[in-house]
Amino acid sequence: MQGIKLDISGTEKFVSKEKLHEMEDRIFSAHDKIQDKTGEGKEMLGWFDLPSHRKEEEIERIKSCAKKIQKQSDVLVVIGIGGSYLGAKAVIDLFADSFANMKSYRQRKYPEIIFAGNSLSGKYLRNLIEYLEDKDFSINVISKSGTTLEPAIAFRTLRLVLEQKYGVRGVAERIYVTTDENKGILHDIAVKNEYERFVVPDDIGGRYSVLTAVGLLPMAVANIQIEDVLDGAQFASYLYNERSLETNECYQYAAMRNILYEQGKRIEILASYEPSFQYFIEWFKQLFGESEGKNNKGIFPAGVNFTTDLHSMGQMIQEGKRNIFETVLNVETDRSFISLPSLDVDEDGLNYLAGKDIDYINKQAFLGTLKAHIDGGVPTMVLNIKDVNEYYVGQLIYFFEKACAISAYCLGVNPFNQPGVEAYKKNMMNLLKGE
C-alpha cells in the first residue's frame, strides 16, 4: 500500500505544466543511467535494488545480535559519523518516545541508544564516559575504512573503557563492528579480536546505507521492525521505477527541484511540523548535500522544524530573498490523542479551541503557513505521509534516495562520490602530524 503522496499544487504559480513536461527527456535519461547502470558512479548503485535483494541470513543475525544487546546492556553506543549514524538516528527518533532516553529500561523496553564519534568534542566524550561509568553497555562502531578520525577516536577511547570494565574477553561480547567485508583498519581489528562483524557493501555509499546493517542493527535494538522497513522500501523501489513523469511522483519531485533551481531557487528547505523528524531532516541534508554539491552546482539543502522555527526563520522565509523553495513533510495520522481542555473561566482566551485536538491546531498552522509562503513567493511541495509506521518510513527513505540520484544526474553531477570532503581531512591530518 502506498503510504506517501506528493502534492505539487503549491508550485503551480511558479512552474507551468508545459515546463514540467519539458523535463521528461532529462528525467528519462537519468532513469536509464540508473536502470542500465551506465551513469557516473554506476559502481555505487547497490542501494537501488537492495530491498528486494536482502540477505535473509544477515537479517536474522542482526535480529539475534539486537536481542543479545537488549539482554546484556543498559546502553548501546553507536559510533559513526555522517551516513554511519544519521539514518539510524533519524528512524529511531521517528518511533521513540520523545523522552525515551530519560526513561528506565523497563519503560522503554530496549537499551538507551546514544550516538558518539560524530564530532571531535572532548566535552561530549568526557561526559559520555562519566555517564557510562555505572552502566552496562555495548558498542556498535560503524566505519567502512576505520580511518575516519571522529569515530576512530571515540572507538579507541570507549573500547578502553569497556576493557577496564569487562576485561578483554568480555569486550569481545560487547563490540559489534560494521565495516568493509575484506579490508581496512577496522576490519582487521574486528578479525583479530573476534568481534561480531557486519558488512558495509562495497557498492553502497554511506549516505545511502541506512537500509543495510549500518542502520538496521541500531534500529533492531530499538525494537523497530526492520523487515517492515525493508518491505516498504521494496514496494517503493517498484513504485518509483516507472519510466513516467506523469505518474511517478518521485520523478516529479526530482524534476521540480531542477526546474526551480534553473529559475534561481538555489535553496531547498525541508520542513516538518513534528519535532521527531529533526534527524530525518539532517539525514536528508547529508543525502542531497553530498550528492549534488559538486562542480559549482547544487541545490543547498536546509531544514526547519515548524512551528518552532516560524518564530525564528519564519520572517526570512516569508519575506527574505526569493531564492528558496520548500518541501513539507506532513503526517496525516494523529496518534497523540490529546485535546485542549476547557476552563470554566476563560482566563487565557483559548476556550474557542477547547475540545479540539492539538494535532488539529497544528494542522491549521501548517495550512495557514503553506498559504502564506506560497503567496509570499515560495514554491512549496508537500509530501503527505499517511502514518509513521515502519512500512511507510521505508517508502519515505527510498523515495528520497531515488529522487536524489535522479535529481543529481539531471544536474549533471555524479550522485555517489564526494571528492570535496577529502580537502578538509587532508589539511586537518597535515596539521595534526605537524606537516
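Bear in mind the structure is a predicted one, so any value in this text is a computation, not a measurement.
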Could K165 and D134 be called an ion pair, given the rule that one side-chain N must be under 4.0 Å from one carboxylate O? no
Of all residues at least two apart in sequence or in a different chain, which pass the salt bridge (Lys or Arg N to Asp or Glu O under 4.0 Å) check with E194? none
Does a side-chain N-to-carboxylate-O contact under 4.0 Å join E40 and K33? no
Between the side chains of D97 and R108, is the shortest nitrogen-to-carboxylate-oxygen separation below 4.0 Å, so that they form an ion pair? no
Pairing residues for Q418 by the side chain to side chain contact (heavy atoms under 4.5 Å, CB included) criterion, not counting sequence neighbours: R207, E290, V421
Is any side-chain heavy atom of F284 less than 4.5 Å from a side-chain heavy atom of P301? yes
Considering residues at least two apart in sequence or located in another chain, which fulfil the side chain to side chain contact (heavy atoms under 4.5 Å, CB included) criterion with R156? none
Under the salt bridge (Lys or Arg N to Asp or Glu O under 4.0 Å) test, residues paired with K363 that sit two or more places apart: D359
Residues 64-81 vs salt bridge (charged side-chain N to carboxylate O under 4.0 Å, His left out), sequence neighbours excluded, gives K68-E173
Does T157 have any side chain to side chain contact (heavy atoms under 4.5 Å, CB included) partners at least two apart in sequence or in another chain, and if so, which? L125, I129, I153
Honestly, is K135 close enough over Y131, meaning NZ or CZ under 6.0 Å from the six-membered ring centre and within 45° of the axis? yes
Lys/Arg N to Asp/Glu carboxylate O, E262 vs R26, below 4.0 Å: yes
Ring pair (Phe, Tyr, Trp, His ring centres under 6.0 Å) involving Y279 - partner list, sequence neighbours excluded: none
Check this for me: E57, atom CD, are more than 12 non-hydrogen atoms of other residues, nucleotides or ligands nearer than 6.0 Å? no
Not counting sequence neighbours, which residues clear ring pair (Phe, Tyr, Trp, His ring centres under 6.0 Å) with Y208? List them please. W47, F416
Applying ring-ring contact (aromatic ring centres under 6.0 Å, His included), which residue pairs with at least one partner in residues 69-114 are found, sequence neighbours left out? Y85-F115
I'd like to know whether CD of E43 has more than 12 heavy-atom contacts from other residues, nucleotides or ligands below 6.0 angstrom. yes
Any carboxylate oxygen within less than 4.0 angstrom of a Lys/Arg side-chain nitrogen, looking at K297 and E292? no
Which residues pass the side chain to side chain contact (heavy atoms under 4.5 Å, CB included) test with N384, sequence neighbours left out? D7, N330, E332, V382
With Y251 via ring pair (Phe, Tyr, Trp, His ring centres under 6.0 Å) - residues at least two apart: H31
Has R174 got its NZ or CZ under 6.0 Å from the middle of the six-membered ring of Y166, at an angle within 45 degrees of the ring axis? yes
Exactly one of Y360, Y273, F306 should register a ring pair (Phe, Tyr, Trp, His ring centres under 6.0 Å) with F366. Which one does? Y273
Residues forming a ring pair (Phe, Tyr, Trp, His ring centres under 6.0 Å) with Y253, sequence neighbours excluded: F399, F400
Honestly, is R266 close enough over F300, meaning NZ or CZ under 6.0 Å from the six-membered ring centre and within 45° of the axis? no
